[in-house]
Structure formats: structure tokens, C-alpha cells
Amino acid sequence: MPFASLTIEADAARPALSHPGLNLILTIAGIVTLIAPGCTVTSDEASLSAASVTAPAAFGRERLIGRWGIASFHNDKDRRRTESEARAQCSLPYVIAKGPTDGVMMHVADDAKLYELRLKGDAAGKAYVGFEAPPGDPQDREILSATDRLMTMRFVDPDANRRYGTFVYVRCGA
């Protein structure tokens, strides 16, 4: 029976695995299969997690506190004129006060009520003011620039940004 001897020879050429060895290999392969998908991160997930990492804001809330003249613009060419308009608003200043905890009291888009908002930063170095949420939340304002005398901010939400434009805050009495 040449066929039977061929089968035996093929079996002899193949390394023999005992059942316990085979079970160990299958167990390890199963564990790797379960763990590996959790270890991979796509570039979209990486950018999303980097954007939601909260970091300290680049400056303290004291820079925001005070009396401000406010105006807004939609086109960059109007910025210089808008700064003059904001200065003129100091006769009826917008007051940013300390909040009861660690924030500042400000209005949010489309709401006349004052809320305590927090300064927050992200991993990219951007600064925001908004509710307790990851930086860059749609209800946040991004602080584009801030000195002791002049600040510019815009809403993160594209619709609110389209309606309100970029805000210029000029410190009154400065």
C-alpha cells in the first residue's frame, strides 16, 4: 500500500504539536486578536483626541476681568475701524467679572443670561473661554489674541461665528 506509506511519511515530516501546545498558541492568538484593535489609532482619532486634551490657558482669567468696549467685524479689512468703534462703546462698557468659582461671568451666543465660563487651552496652544467641556466645544469662543488692553475672540460654532463675526474687546480707560 504505497498510499498509506505516503501519508505516514508526510505526517513524519510535519512537526508534531501536542494538544496543550496547540491550545496555548490558539489562546495567545485569540488574546492578540482582542487586544490589537484597541491599540491601533487612526489619524482622525489621534487628531480628535489631541484637540480634546485640556491644557492650561496661556494666561490667567485676570486678563479678561474688567470693563470693555466691544464691537465686531466680518472682514479683516474692517478690523482697525472696529477697534475705534469698540473704544467708543466704553460709555456703556461690557463688564467681565470674576465668577463664583474659578471662571469669569460672560454671555453666550443668543442668551441674555450671564454664565460662569472657564479659560481653557488645548494641546495646540489655542485658548478658549466656555463651559466645562473639552476645548474647542461649539459653544466656546476661541481667543485669537489677548493683551492687557485688547482682545479678539470668535465663536467656534460656524453659525454663531457667521452671525456675530470676530469680536474686538478694548479695555476701557486704557
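What's counted below: heavy atoms across the whole structure, side chains too, no hydrogens, waters or symmetry copies.
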Taking the side chain as every heavy atom from C-beta outward, state whether Asp102 and Arg118 have any atom pair closer than 4.5 Å.
yes
Taking every heavy atom of Trp68 against every heavy atom of Arg149, the minimum-distance pair comes out as CZ3-O, 3.8 Å
Minimum heavy-atom distance Pro135-Gly121, with the two atoms named:
CG-O, 3.2 Å
Donor-acceptor check, side chain of [X] to backbone of [Y], threshold 3.5 angstrom: yes or no?
X      : Y      : value
Lys98  : Glu62  : no
Asp111 : Val108 : no
Asp140 : Gly136 : yes
Asn75  : Lys77  : no
Glu116 : Gly103 : yes

Kindly compute the distance separating CZ (Phe167) from CE (Met151), expressed to the nearest 0.5 Å.
11.5 Å
According to side-chain hydrogen bond (donor to acceptor under 3.5 Å, both in side chains), does anything in residues 159-168 pair up with another residue at least two apart or in another chain? List the pairs.
Asp110-Arg163, Asp110-Tyr164, Asp159-Arg162, Asp159-Arg163
Glu85 and Arg87: CA distance, side-chain angles, deciding distance, salt bridge (Lys or Arg N to Asp or Glu O under 4.0 Å) verdict
CA-CA 5 Å; Glu85 290 175 8; Arg87 254 183 228 92; over 6 Å; no
Residues 85-104 vs ring-ring contact (aromatic ring centres under 6.0 Å, His included), sequence neighbours excluded, gives Tyr94-His107
With sequence neighbours left out, the residues meeting salt bridge (charged side-chain N to carboxylate O under 4.0 Å, His left out) with Arg63 are Asp148
Check Arg81 with Glu83, please: is the shortest side-chain N to carboxylate O separation under 4.0 Å?
no
